[in-house]
Amino acid sequence: GLVGLLSSGEHRQSHSMVKSLLSILFDLEVSRSSINRMRTHVSDALCGPVEEALSYVQSQASVHSDETSFAQRNRDGANPDHRKGWLWVLAAPLVMVFCVSLSRSQAVAKELIGETFSGIVHSDRYSAYNWLDVSQRQVCWAHLKRDLIKISERGGASKEMAEPLLARQRRLFRWWHRVRAGTMSRDQCIEAVEHLRRGFKEVLKEACEFEASVTGEKSPFAKSVRSLCEILKVEAALWTFVYTPGVEPTNNDAERYLRSGVIWRGTSYGSQSKKGSEFVERILTVTTSLKAQGRNSWDYLSEAIRANRLGLLAPSLLPIPQPQPLPIPLALPAAQSLVTT
């Protein structure tokens, strides 16, 4: 359990550092291959709980999904073509599931989210999510804002197209912050957004009228036109949060959960094998979910490894239901509370 915890996304220690720590703290001389076997044992103990966690997340009303590069080497021959690896996350409140894949394709997104998923997916505009109906998507406004700022910084006609969109984005979020603060009702917000949305869409359409004339060009203006045309294709998915309670306008949750994997990638340069990738995705799923729930990772790993050795059911990663307070009994009327003799 200690080896698994030290090697997790929380602590990100390399095999050499784990070996050194075990020697300093416990006077244990452990080889790198032994540390690798311990990590595999931890990974095996977490397989069942992670599968249960994935089923749970896929059953939620809304999820956040994102991906970032994460190399998987070919030490075990599982990546002979030396394909680029990717770390995916699918997040619901209190439970986050990670997956390392040698693809960033639509097929991976379908497998992770579930082809029968009926909720709403928060994501960026990456094409791997295009198999979802637009009514099931909330495209991230944080990504959109960054792209619009990039377009405006190109100057000229690009700036003229982006600035009206950015102005509407700022107005939209002023209203959204008022809704969250309780100073504007959702109905009032919907009514206001209807007009803003029409103007936003008209600007996108006007920009896309230049699409045919810039086909094949690589100028800054051509890049801007193509970007705005891509935004127009998913325009309907920009406004889901306005009409659907519980849906956020950004995908910041998924980006935040991926941060541990990004830092780990920087210190370990990815995994060396498929087994290593399995350990990464499982230990990140466990430590990130437990942290969100306020549970102790060391206690959980110890219990999971013990259960695996004894052939018992592993502890669940699902949120522990909080006990509901007992209802306070109503006071009886004074006439009924008197004891008659």
Side-chain angles (χ1 to χ4, degrees), residues 3-21 30-47 50-51 53-54 57 64-91 96-113 123-129 140 143 146 251-289 291 297 301:
V3 170
L5 194 60
L6 290 174
S7 303
S8 72
E10 286 184 303
H11 302 285
R12 298 179 290 275
Q13 298 301 318
S14 66
H15 282 48
S16 297
M17 286 301 301
V18 172
K19 182 176 183 295
S20 176
L21 284 169
V30 182
S31 66
R32 289 169 58 91
S33 60
S34 295
I35 291 172
N36 194 54
R37 285 194 296 271
M38 292 179 196
R39 282 170 37 124
T40 300
H41 184 56
V42 172
S43 179
D44 292 342
L46 301 178
C47 180
V50 169
E51 289 179 355
L54 178 59
V57 174
H64 293 245
S65 183
D66 203 1
E67 67 288 327
T68 187
S69 59
F70 195 91
Q72 177 182 306
R73 310 285 188 246
N74 189 42
R75 181 166 293 181
D76 59 350
N79 186 16
D81 298 328
H82 302 282
R83 296 170 63 187
K84 189 174 182 177
W86 296 89
L87 177 66
W88 295 69
V89 65
L90 187 68
M96 306 83 203
V97 178
F98 292 80
C99 170
V100 177
S101 174
L102 294 178
S103 172
R104 199 190 179 196
S105 68
Q106 192 174 102
V108 179
K110 283 184 177 182
E111 184 178 357
L112 183 62
I113 298 169
S123 71
D124 55 22
R125 300 191 310 278
Y126 181 52
S127 61
Y129 302 101
C140 177
H143 285 81
R146 289 197 291 266
N251 193 34
N252 292 344
D253 283 355
E255 287 194 329
R256 185 170 68 253
Y257 298 136
L258 276 176
R259 196 167 298 143
S260 291
V262 171
I263 298 172
W264 195 354
R265 176 187 65 196
T267 57
S268 68
Y269 307 104
S271 64
Q272 301 299 318
S273 64
K274 182 174 176 58
K275 284 287 187 182
S277 292
E278 288 178 351
F279 173 78
V280 168
E281 60 189 23
R282 291 171 185 174
I283 200 71
L284 280 175
T285 296
V286 169
T287 55
T288 308
S289 299
K291 184 177 181 179
S297 297
L301 288 173

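Heads up: numbering here begins at 1 and tracks the sequence. Please read these numbers as outputs of a predicted model, since none were measured by experiment.
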How long is the gap from OG on Ser277 to CZ on Phe70, to the nearest 0.5 Å?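 If we round to the nearest 0.5 Å, Ser277:OG and Phe70:CZ are 7.0 Å apart.
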
Mind checking the OG1-CZ spacing from Thr287 to Phe98? Nearest 0.5 Å is all I need.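 Rounded to the nearest 0.5 Å, the OG1-CZ separation comes to 7.5 Å.
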
>> What verdict does the side chain to side chain contact (heavy atoms under 4.5 Å, CB included) test give for Asp124 and Asn251, after you've listed the backbone C-alpha separation in whole Å, the side-chain angles of each residue and the deciding distance to 0.1 Å?
In response: CA-CA 7 Å; Asp124 55 22; Asn251 193 34; 5.6 Å; no

Within the structure provided, determine whether [X] and [Y] are in side-chain contact (heavy-atom separation under 4.5 Å).
X	Y	value
His143	Glu255	yes
Trp88	Val100	no
Ser43	Lys275	no
Ser297	Val286	no
Ser271	Phe279	no
Val89	Thr68	no
Ser69	Arg265	yes
Thr285	Arg282	no

Any donor-acceptor pair under 3.5 Å from [X] side chain to [Y] backbone:
X	Y	answer
Arg75	Gln272	no
Asp66	Leu258	no
Ser289	Met96	yes
Asp76	Ala78	yes
Asn79	Asn74	no

- Got a sec, which pairs hit side-chain hydrogen bond (donor to acceptor under 3.5 Å, both in side chains) with one end in residues 101-111, sequence neighbours left out?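 side-chain hydrogen bond (donor to acceptor under 3.5 Å, both in side chains) check on residues 101-111 returns Glu67-Arg104, Ser103-Ser105.
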
- Where is the tightest heavy-atom contact between Leu90 and Leu54, given as atom of each residue plus distance?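 Closest pair (atom of Leu90, atom of Leu54, distance): CD2-CD1, 4.4 Å.
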
**Report entry** Where Ser260 and Leu284 come nearest, the two heavy atoms and their spacing
**Finding:**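 Closest pair (atom of Ser260, atom of Leu284, distance): CB-CD2, 4.2 Å.
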
